[in-house]
Asker: 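Before we start, here is the structure in question, set down as structure tokens.
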Amino acid sequence: MKLGVIAIQGDVSEHVEALENALRQRGENGEVVTIKHKGIVPECDALVLPGGESTTLGKLLMREGIADEIREMNAAGKPIMGTCAGLILLATAGDEQVAKTHQHLLGLMDTTVNRNAFGRQRDSFEIGLELPFLDTPYNAVFIRAPGIVEAGDDVKVLAKIDDMIVAAEQGNVLALAFHPELTEDLRVHQYFLDKLF
């Protein structure tokens with residue numbers, strides 16, 4: 001079992017640690033690898049796209065040839081989770097800001113995103129979020145967070161704040177506007193791993 005975390009930018013080590021702890025918690029053996037170059041994604045059984053600066057991440061994924069590997073991974077039905085900037089990259093369409101910056105999108109989830117749906121860095125917040133796969137609210141950390149403004153019929157909405165979708169899944173793809181790697185609560189990473197075990 002090999003789990004990959006895109007390591008070009010963002011909360012890489014936090015996701016690696018969370019996945020390692022989640023594997024340990026469920027008594028499973030597995031390796032978590034970081035990915036900066038082409039050639040590793042095809043070896044992985046699941047993949048995390050972390051937060052960071054989505055324009056930069058998108059450009060580097062294209063330049064390094066990783067973007068096509070991720071699309072092939074999705075076509076093979078392997079689990080993929082995108083958090084914060086990762087949610088943006090998973091989308092099929094973006095807002096005016098995405099168009100203006102010529103943002104590269106992977107187009108793996110039938111969604112339209114608002115890149116700065118919840119404002120700037122100073123507008124970051126935490127909230128107890130109800131998620132349908134958890135018994136109790138999850139302390140979700142939002143940092144300069146994006147949101148999903150439109151979702152296709154095949155997209156399952158998992159959580160909203162007001163009218164903004166902040167958690168969704170489509171088949172094997174899970175998109176979160178918040179940062180589960182920044183808490184010690186492993187339930188969201190466990191839910192992601194449930195897609196493997």
Side-chain angles (χ1 to χ4, degrees), residues 2-20 22 32-94 98 101 103-117 140-148 151 155 158 165-183 188-196:
K2 185 179 281 191
L3 311 176
V5 179
I6 297 296
I8 293 172
Q9 197 194 39
D11 295 332
V12 177
S13 61
E14 291 87 347
H15 270 299
V16 169
E17 185 176 351
L19 288 169
E20 288 174 343
V32 184
V33 297
T34 56
I35 299 166
K36 291 183 179 177
H37 304 288
K38 186 178 179 180
I40 304 172
V41 169
E43 300 172 359
C44 294
D45 299 293
L47 183 74
V48 172
L49 286 160
E53 208 292 305
S54 62
T55 305
T56 303
L57 277 166
K59 283 180 184 172
L60 292 173
L61 288 176
M62 292 291 291
R63 192 182 76 189
E64 297 295 330
I66 300 172
D68 286 340
E69 292 183 339
I70 296 173
R71 290 189 183 100
E72 289 168 11
M73 183 179 201
N74 177 58
K78 294 180 179 179
I80 298 172
M81 176 169 73
T83 63
C84 197
L87 172 144
I88 297 170
L89 293 168
L90 290 172
T92 50
V98 170
T101 56
Q103 169 78 65
H104 293 287
L105 301 174
L106 294 167
L108 305 187
M109 183 177 274
D110 185 12
T111 52
T112 300
V113 294
N114 178 339
R115 206 168 76 166
N116 293 111
V141 179
F142 289 81
I143 301 173
R144 206 178 59 176
I148 296 171
V155 176
L158 301 176
I165 300 168
V166 295
E169 65 185 345
Q170 182 175 1
N172 55 308
V173 180
L174 177 64
L176 308 170
F178 55 93
H179 290 264
E181 76 283 6
L182 296 183
T183 76
V188 169
H189 282 87
Q190 290 291 12
Y191 178 70
F192 177 58
L193 292 184
D194 285 345
K195 296 175 183 296
L196 274 175

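Since the structure is predicted, the reported quantities are computational estimates derived from the model, not experimental observations.
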Asker: Counting only heavy atoms from other residues, nucleotides and ligands, does the tally under 6.0 Å from CD of E17 exceed 12?
Answerer: no
Asker: Rounded to the nearest 0.5 Å, what's the gap from OH on Y191 to CG on L158? Could you check?
Answerer: 5.5 Å
Asker: State whether the side chain of T83 and the backbone N or O of F178 hold a donor-acceptor pair below 3.5 Å, judged by distance alone.
Answerer: no
Asker: List the atom of A167, the atom of L176, and the distance in Å for their closest heavy-atom pair.
Answerer: CB-CD2, 3.8 Å
Asker: If we only count heavy atoms from C-beta on, is the V113 to S54 side-chain gap below 4.5 Å?
Answerer: no
Asker: Return the set of residues passing side chain to side chain contact (heavy atoms under 4.5 Å, CB included) with L105 (not counting sequence neighbours), or none when no residue passes.
Answerer: I88, V98, Q103
Asker: How long is the span from the CG atom in D45 to the CG atom in L47, to the nearest 0.5 Å?
Answerer: 11.0 Å
Asker: For V188 and M81, work out which heavy atoms get closest and say how close.
Answerer: CG1-SD, 4.5 Å
Asker: What I'd like to find out is whether the side chain of I66 reaches to under 4.5 Å of the side chain of L60, using heavy atoms alone.
Answerer: no
Asker: Return yes if some donor-acceptor pair links the side-chain N/O of E72 with the main-chain N/O of P42 below 3.5 Å, else return no.
Answerer: no
Asker: Using every non-hydrogen atom in the two residues, find where P50 and L57 come nearest and quote the distance to one decimal.
Answerer: O-CD1, 3.9 Å
Asker: Could you tell me whether K36 atom NZ has more than 12 heavy atoms of other residues or ligands within 6.0 Å of it?
Answerer: no
Asker: State, with a plain yes or no, whether a side-chain heavy atom of I70 is found less than 4.5 Å away from one of I6.
Answerer: yes
Asker: Would you say the side chain of I165 lies within less than 4.5 Å of the side chain of T111, judging by non-hydrogen atoms?
Answerer: no
Asker: As an exercise, state the distance from CZ of F142 to CG of L182, rounded to the nearest 0.5 Å.
Answerer: 12.0 Å
Asker: Go through the steps to decide whether V48 and V16 satisfy the test side chain to side chain contact (heavy atoms under 4.5 Å, CB included), and finish with yes or no.
Answerer: CA-CA 9 Å; V48 172; V16 169; over 6 Å; no
Asker: About how many Å separate CG of L106 and CG of N74, when rounded to the nearest 0.5 Å?
Answerer: 9.0 Å
Asker: Can you name the closest pair of heavy atoms from K195 and P79 and give their distance?
Answerer: CB-CG, 3.7 Å
Asker: If I compare all heavy atoms of G51 with all of C84, which pair ends up nearest, and what's the gap?
Answerer: CA-CB, 4.1 Å
Asker: Can you find a pair of side-chain heavy atoms, one from V32 and one from V5, that are under 4.5 Å apart?
Answerer: yes
Asker: Evaluate L3 against L196 for side chain to side chain contact (heavy atoms under 4.5 Å, CB included), listing each step before the verdict.
Answerer: CA-CA 10 Å; L3 311 176; L196 274 175; 3.4 Å; yes
Asker: Can you tell me how far apart CD (Q190) and CG (L19) are? Round to the nearest 0.5 Å.
Answerer: 9.5 Å
Asker: Does N172 use its side chain to pair, donor to acceptor, with the backbone of K78 at less than 3.5 Å?
Answerer: yes
Asker: For Q170 and L90, what are the C-alpha separation, side-chain angles and deciding distance, and is it a side chain to side chain contact (heavy atoms under 4.5 Å, CB included)?
Answerer: CA-CA 10 Å; Q170 182 175 1; L90 290 172; over 6 Å; no
Asker: Determine whether E64 and K38 make a side-chain contact, defined as any pair of heavy atoms from C-beta on separated by less than 4.5 Å.
Answerer: no
Asker: At their closest point, which heavy atom of P146 faces which heavy atom of A117, and how far apart are they?
Answerer: C-CB, 3.7 Å
Asker: Could you state the interatomic distance from CD1 (I8) to CZ (R63), rounded to the nearest 0.5 Å?
Answerer: 8.5 Å
Asker: Could you check whether any side-chain N or O of E69 sits under 3.5 Å from a backbone N or O of G39, counting only pairs where one atom can act as donor and the other as acceptor?
Answerer: yes
Asker: Report yes if some heavy atom in the side chain of H104 is under 4.5 Å from a heavy atom in the side chain of L61; otherwise report no.
Answerer: no
Asker: Looking at R144, I'd like to know if its CZ atom is crowded, meaning that more than 12 non-hydrogen atoms belonging to other residues, nucleotides or ligands lie closer than 6.0 Å.
Answerer: no
